[in-house]
Amino acid sequence: MATHAGGENGSGHAAEWRFARVAEEREGALAVAGGKMSIRAARFKISASVDARDPRPVLPLAHGDPSVFPAFRTAAEAEDAVAAALRTGKFNCYPAGVGLPDARRALAEHLSGDLPYKLSTDDIFLTAGGTQAIEVVVSVLAQPGTNILLPRPGYPNYEARAGLHNLEVRRFDLIPERGWEIDIDSLESIADKNTTAMVIINPNNPCGSVYTHEHLAKVAEVARKLGILVIADEVYGNLVFGDTPLVPMGVFGHIAPVLSIGSLSKTWIVPGWRLGWVAVCDPNKILQKTKIIASITNFLNVSTDPATFIQGALPHILENTKEDFFKRIIGLLAETSEICYREIKDIKCITCPHKPEGSMFVMVKLNLYLLEGIHDDIDFCCKLAKEESVILCPGSVLGMDNWIRITFAIDSSSLLDGLERIKSFCQRHKKKNLLNCI
C-alpha cells in the first residue's frame, strides 16, 4: 500500500510517495542480509552489552583484524610502497574498472607461482576488498531459478549477498570429526540442474582447517561432474601453520573452472586498505566461452573501485615485502593458536573438535547442558560481554547454532586474559547439580 506523508501536491491532495512501496518490499531482504547474516551486526549487538563500568579492557575475540596490535603491524615495505605511490601524484585519478594494468599484471605473476600454468593480466579483476569480490561473483551468477552451494558453517556474506539477489542457497556440511572436511558425498544429492557454483573457503573461516591436495581434487571432480564452477575463497592466503600445506584451488582449474577470491587484508594485515581480487583459474577458457568473464567486466564497469593509489602500490608491495614478515606473522599465529587450543581444554563449557591449522579462527561447541540460565550461543555471547568484557562471534551467524567462533589473531597476553575470563564466566554459570542433566 502506498504511503501518504506530510505535504500536498499541486492539486491540494496528500502526496503519494511511491518509493515507500519499494522500500517496504526490500526491507525484509535487507534486514536479513544486514542483520541476521552479518558478523558486523552481531558484533555490534554483543558489544552493546559490555558494562561501561568495567575497568578492564574489552577483548576483541570475535573478528579477524589484529592490525591494532603492534606485533601484527604490516610490513614496512608495504607502507613505504603506499606512501611512494601517493607522492608520485600519478594515482589521484579514476582507475580502469577492472583495475590498473600494472597492478593486475603483477598480481597475475605473483599468483602464478603456485599454479601449474600462468595467469595473464586478463585473468585478474581488482576489487574493493574481498567483500566486493564476493558481491561481484554472486551477482553475475544470480539468475532466476538458480542456486548456489555454500558450506555450513561458513562466511555469512555469501548467503547475505545471495539473499539480496534472490539466489537460492543450499548448504553442505563441514564435518568437525574429520577436521572440518567438506561432506563431499552430500554434494550430488543437494545439487540439481539449476546449481551454478559451490563455495569453498581455504584456509577456512570460521573453522581454522586447511584442506589437503587429495580432498580438493575430489571437490574438483564432483564440480566437473555437476557442471558447476568453484568459488575458492582464499583470502587467508598463506596463513598456514599446521602440517597441511596450502594448495590453491586453481591447481585443479583444468578439471573444473575456478574463481579464486583473495585480498591483501589478511595476509598483509591491512583490512582497511580494501584491495581484493577475483582471479580466473580456468586454463580451458570455459568461463570466457560462457560469458561469465564478460559479465564480471560489465559489473565492475558500473561499480566502485579499490583506491587508485593502493592499486599503484600493489606491484611494489608484492615484489618488496620480505619473507621475514610472513614468517613473523605465521609464527605469531602458530603461537597463539597453540595457546588457544591448549587453554580451551580447561574450559568445560566449550569443546574444540579440531586444532586449527590456518586462518585466524577456531570453532568450538557450546555445551549448554553444563550451564545455568544460558539459552543459546547469542545469549552466551551477550552475557559474557556484559560480565567479562570479552567479545565472541556466535555460531548461529555462521550457520551453526550453539557454536562459537574464537579468534586467536591477538597478542598472547590478551588472548590468555580473554580465555581466563571465559573460564571464570563458565564456572560462575555452571549448573549446580550436573547429575540431573547428563
Side-chain angles (χ1 to χ4, degrees), residues 78 81 95-130 132-134 136-137 140-141 197-203 211 213 216-217 219-220 223-224 228-240 245-268 275-301 305-306 310-321 323 326:
V98 294
L100 294 179
D102 286 349
R104 296 168 68 205
R105 188 178 303 111
L107 185 56
E109 183 177 339
H110 176 75
L111 297 176
S112 294
D114 295 320
L115 298 174
Y117 51 89
K118 294 294 183 182
L119 298 178
S120 72
T121 301
D122 292 338
D123 292 321
I124 303 297
F125 298 89
L126 299 184
T127 60
Q132 192 195 22
I134 294 172
V136 172
V137 172
V140 301
L141 292 174
M198 67 175 292
V199 172
I200 67 164
I201 304 174
N202 185 46
Y211 297 134
H213 186 284
L216 293 174
V219 170
R224 176 166 63 178
I228 64 177
L229 67 87
V230 178
I231 302 167
D233 186 324
E234 298 172 329
V235 299
Y236 286 90
N238 67 344
L239 298 184
V240 172
L246 178 67
V247 178
M249 192 67 203
V251 167
F252 308 98
H254 64 288
I255 299 175
V258 174
L259 293 177
S260 173
I261 292 175
S263 78
L264 290 183
S265 298
K266 307 302 182 179
T267 307
W268 270 267
L275 192 136
W277 57 82
V278 177
V280 181
C281 302
D282 179 28
N284 298 322
K285 304 299 181 183
I286 296 169
L287 299 179
Q288 182 177 330
K289 297 170 187 173
T290 53
K291 301 189 183 305
I292 294 294
I293 303 305
S295 295
I296 293 174
T297 301
N298 292 336
F299 184 98
L300 289 173
N301 281 336
D305 310 302
I310 300 294
Q311 295 189 47
L314 184 60
H316 299 288
I317 293 172
L318 297 175
E319 181 180 356
N320 296 337
T321 303
E323 192 62 31
F326 301 114

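Sequence positions, counted from 1, serve as the residue numbers for this chain.
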State, yes or no, whether a side-chain contact exists between [X] and [Y] at a heavy-atom distance under 4.5 Å.
{"X": "Pro248", "Y": "Leu115", "result": "yes"}
{"X": "Phe252", "Y": "Val247", "result": "yes"}
{"X": "Cys281", "Y": "Met249", "result": "no"}
{"X": "Leu246", "Y": "Asn202", "result": "yes"}

Considering non-hydrogen atoms only, spot the tightest contact between [X] and [Y] and give its length.
{"X": "Gly237", "Y": "Thr267", "answer": "CA-OG1, 3.9 Å"}
{"X": "Asp114", "Y": "Val251", "answer": "O-CG2, 3.7 Å"}
{"X": "Pro95", "Y": "Pro306", "answer": "CG-O, 4.2 Å"}
{"X": "Ala103", "Y": "Leu126", "answer": "CB-CD1, 3.7 Å"}
{"X": "Tyr211", "Y": "Ile201", "answer": "CE1-O, 3.7 Å"}

Report the distance from atom [atom1] of [X] to atom [atom2] of [Y], rounding to the nearest 0.5 Å.
{"X": "Asp282", "Y": "Leu229", "atom1": "CG", "atom2": "CG", "value": "9.0 Å"}
{"X": "Ser260", "Y": "Asp233", "atom1": "OG", "atom2": "CG", "value": "8.5 Å"}
{"X": "Ile261", "Y": "Ile200", "atom1": "CD1", "atom2": "CD1", "value": "11.0 Å"}
{"X": "Glu109", "Y": "Leu119", "atom1": "CD", "atom2": "CG", "value": "11.0 Å"}
{"X": "Ile124", "Y": "Leu107", "atom1": "CD1", "atom2": "CG", "value": "4.5 Å"}
{"X": "His254", "Y": "Ile286", "atom1": "NE2", "atom2": "CD1", "value": "11.5 Å"}

* Asked: Can you name the side-chain hydrogen bond (donor to acceptor under 3.5 Å, both in side chains) partners of Asn320, sequence neighbours left out?
  -> none

* Assess whether side-chain contact (heavy atoms from CB on, under 4.5 Å) is satisfied between Ile293 and Asp122, documenting all intermediate values. => CA-CA 9 Å; Ile293 303 305; Asp122 292 338; over 6 Å; no

* Taking the inter-plane angle between the rings of Trp268 and His110 on a 0 to 90° scale, is it parallel (under 30°), tilted (30 to 60°) or perpendicular (over 60°)? -> tilted

* Would you say Tyr117's side chain and Gly250's backbone share a donor-acceptor pair under 3.5 angstrom? -> yes

* **Asp123 side chain to Ser120 backbone, donor-acceptor under 3.5 Å** => yes

* Residues that Val98 engages under side-chain contact (heavy atoms from CB on, under 4.5 Å), provided they are two or more places apart -> Arg104, Phe125, Thr297, Leu300

